[in-house]
Structures are given as C-alpha cells and as structure tokens.
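Here's the structure, in structure tokens; my notes come after.
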Amino acid sequence: MKRFSMIFGVTLVTFLVFAVGDLWAAEELATREECVAKTKQAAKLIEEIGLEAALQQMNDLNGPFMWKDSYVFCMDETGKVLAHKSPKLIGFQAKNLKDVNGKLYIQECIDVANTKGEGWVSYMYDKEHGAIQEPKTTYVLKVPGTNVFVGAGFYQ
C-alpha cells in the first residue's frame, strides 16, 4: 500500500506540474500589431455603423474585439468607459485612475487621443485584479468626428 501511495503521489505531482504548465503556456499574448489593427477596426466600425451599434459589438465578450489576453476599450473624452471587457466598468469615470507609480494613465490616454489623434501610453496594470502589476502599453486612437477614442494594449 505504501508503494502504491508513493507511485500515485509522484504521478499526481507530475500530472499537476504538466497541467499547470500547459495552462500558463496556453495564454496567448496579444501583439503590438494586433492592438493597432483591432483598434483601427473598432474606430472604422464606429464610423460605419454608429457608436451605439459598434459598442454592442465591442462589449460582446465573445466578439472580435476580445482576443488572446487583450480587448478593445472605448471611452469618451472625459474618461467615461463605454466599452470594456469587464461589463461592470461600463459607465465608470476612469479619468483619475492611477497605476502603482502614481501615473494618471487614463488621463494620458485622453491627452494623446485629443492632442495627437493616436499614440502609445505605457503604464503598470493589474492584469489579474489583485495580482502583481505588469507593464502594459496601450495604443489609443481618436475616432474622427466623435468625442470618443478606442484603444487596446499588450503586456511586455
């Protein structure tokens, strides 16, 4: 019986090591190029079908704007969240959010969108809500003729 327990224990530990390793490897990371492409696709959609209809697609958790470990978000010029992977954030005023270093990263996104029309913002982000903050870089794009911008980010 002792030998069975030892063999079973080793087998179980081996299985868990491989299973957890597979889970870590399974998470695909979004690329810089994908973030730009998806953001431009979302902006084009807003221009073509209007903001409300486009927001429905952007907020679809199984839709094309949620992929790998990233998503397209949409905010108005005040920092109010209009589209996000987390439905509870819709309507939230995010302008004053700070990362762990005190950087007002949403305000910087707003500034980039309103002054340059598009660009990159880097900051620390709590990817797993309660886990370690990770470096993230987000591409933001002002949607022409509107008061909104869209963006998507990737982790380094």
Side-chain angles (χ1 to χ4, degrees), residues 16 18-156:
L16 290 174
F18 284 112
V20 171
D22 286 345
L23 287 175
W24 284 328
E27 183 181 39
E28 290 185 73
L29 302 177
T31 66
R32 179 181 201 92
E33 295 76 20
E34 288 172 328
C35 290
V36 171
K38 293 280 190 179
T39 298
K40 289 183 177 184
Q41 180 184 358
K44 184 177 178 184
L45 188 66
I46 292 170
E47 292 177 294
E48 290 175 351
I49 67 172
L51 181 60
E52 292 307 314
L55 288 175
Q56 288 180 356
Q57 289 187 37
M58 283 187 267
N59 283 316
D60 180 355
L61 298 178
N62 297 310
F65 297 105
M66 309 278 176
W67 81 103
K68 296 182 181 177
D69 68 334
S70 194
Y71 56 94
V72 172
F73 66 88
C74 180
M75 294 183 180
D76 71 11
E77 62 192 5
T78 71
K80 179 180 172 185
V81 179
L82 304 176
H84 197 276
K85 76 171 183 175
S86 180
K88 67 183 178 186
L89 291 179
I90 306 303
F92 177 72
Q93 177 49 258
K95 180 178 182 176
N96 294 319
L97 287 179
K98 295 179 183 177
D99 72 2
V100 293
N101 298 319
K103 184 175 190 173
L104 290 163
Y105 62 95
I106 299 298
Q107 181 60 57
E108 189 171 333
C109 289
I110 295 167
D111 294 344
V112 168
N114 288 332
T115 60
K116 298 178 183 177
E118 66 182 317
W120 295 94
V121 176
S122 294
Y123 51 97
M124 299 297 287
Y125 192 73
D126 186 359
K127 183 177 183 181
E128 298 299 326
H129 306 293
I132 299 170
Q133 300 271 327
E134 297 183 46
K136 185 172 186 179
T137 300
T138 295
Y139 175 73
V140 295
L141 174 66
K142 171 90 170 164
V143 180
T146 73
N147 68 338
V148 303
F149 66 94
V150 290
F154 66 95
Y155 295 93
Q156 288 111 13

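For reference, positions follow the sequence shown, starting with 1.
Between K68 and E34 there is a salt bridge, with a side-chain nitrogen of the basic residue lying less than 4.0 Å from a carboxylate oxygen of the acidic one.
Taking each heavy atom of A42 and V72 in turn, the nearest pair found is CB-CG1, 3.7 Å. Nearest heavy-atom pair, V140 versus A113, reported as atom, atom and distance to 0.1 Å: CG2-N, 4.3 Å. Looking at every heavy atom in both residues, T137 comes nearest to S122 through OG1-OG, 3.0 Å. Taking every heavy atom of both residues into account, A30 and D69 meet most closely at N-OD1, 2.7 Å.
The CG atom of L141 sits 10.5 Å away from the CZ atom of F149 when rounded to the nearest 0.5 Å. Going from atom CG of L45 over to atom CD1 of I49 covers 4.0 Å, rounded to the nearest 0.5 Å. Expressed to the nearest 0.5 Å, how far CZ of R32 lies from OG1 of T138 amounts to 10.5 Å. Here the NZ atom belonging to K136 is positioned 8.0 Å from the OH atom belonging to Y105, to the nearest 0.5 angstrom. Summarising the geometry, atom CG belonging to L89 is positioned 13.5 Å from atom NZ belonging to K80; distances are rounded to the nearest 0.5 Å. In this structure, OG1 in T78 is found 8.0 Å from CG in N147, a value given to the nearest 0.5 Å.
Using a 4.5 Å heavy-atom threshold, the side chains of V112 and E118 count as separate. Between F65 and Q41 the shortest side-chain heavy-atom distance falls below 4.5 Å. Using a 4.5 Å heavy-atom threshold, the side chains of T31 and S70 count as separate. Side-chain contact between Y125 and D99 is absent, with no heavy atoms from C-beta onward closer than 4.5 Å. Side-chain contact between V36 and F154: absent, with no pair of heavy atoms (C-beta onward) separated by less than 4.5 Å. By the 4.5 Å heavy-atom criterion applied to side chains, V148 and M75 are not counted as neighbours.
Partners of K95 under the salt bridge (Lys or Arg N to Asp or Glu O under 4.0 Å) rule, at least two apart in sequence or in another chain, do not exist in this structure. Looking at residues two or more places apart in sequence or on another chain, you find a ring-ring contact (aromatic ring centres under 6.0 Å, His included) between Y139 and W120.
Annotation: cation-pi pair K103/Y123 absent, no NZ/CZ under 6.0 Å from the ring centroid and within 45° of its normal.
Listed for the K142 side chain is a donor-acceptor partner under 3.5 Å among the backbone atoms of T146. Put simply, the side chain of D76 gets close to the backbone of G79: a donor and an acceptor are under 3.5 Å apart. With hydrogens and angles disregarded, no donor-acceptor distance shorter than 3.5 Å links the side chain of T39 to the backbone of V150.
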Under 3.5 Å, which donor-acceptor pairs do the side chains of residues 54-64 form with other protein atoms, sequence neighbours left out?
unit_1: N59; atom_1: OD1; unit_2: H84; atom_2: N; d: 3.0
unit_1: N59; atom_1: ND2; unit_2: L55; atom_2: O; d: 3.2
unit_1: N59; atom_1: ND2; unit_2: L82; atom_2: O; d: 3.1
unit_1: D60; atom_1: OD1; unit_2: N62; atom_2: N; d: 2.9
unit_1: D60; atom_1: OD1; unit_2: G63; atom_2: N; d: 3.4

key: Evaluation steps, side-chain contact (heavy atoms from CB on, under 4.5 Å), between C74 and L51   = CA-CA 10 Å; C74 180; L51 181 60; 4.3 Å; yes

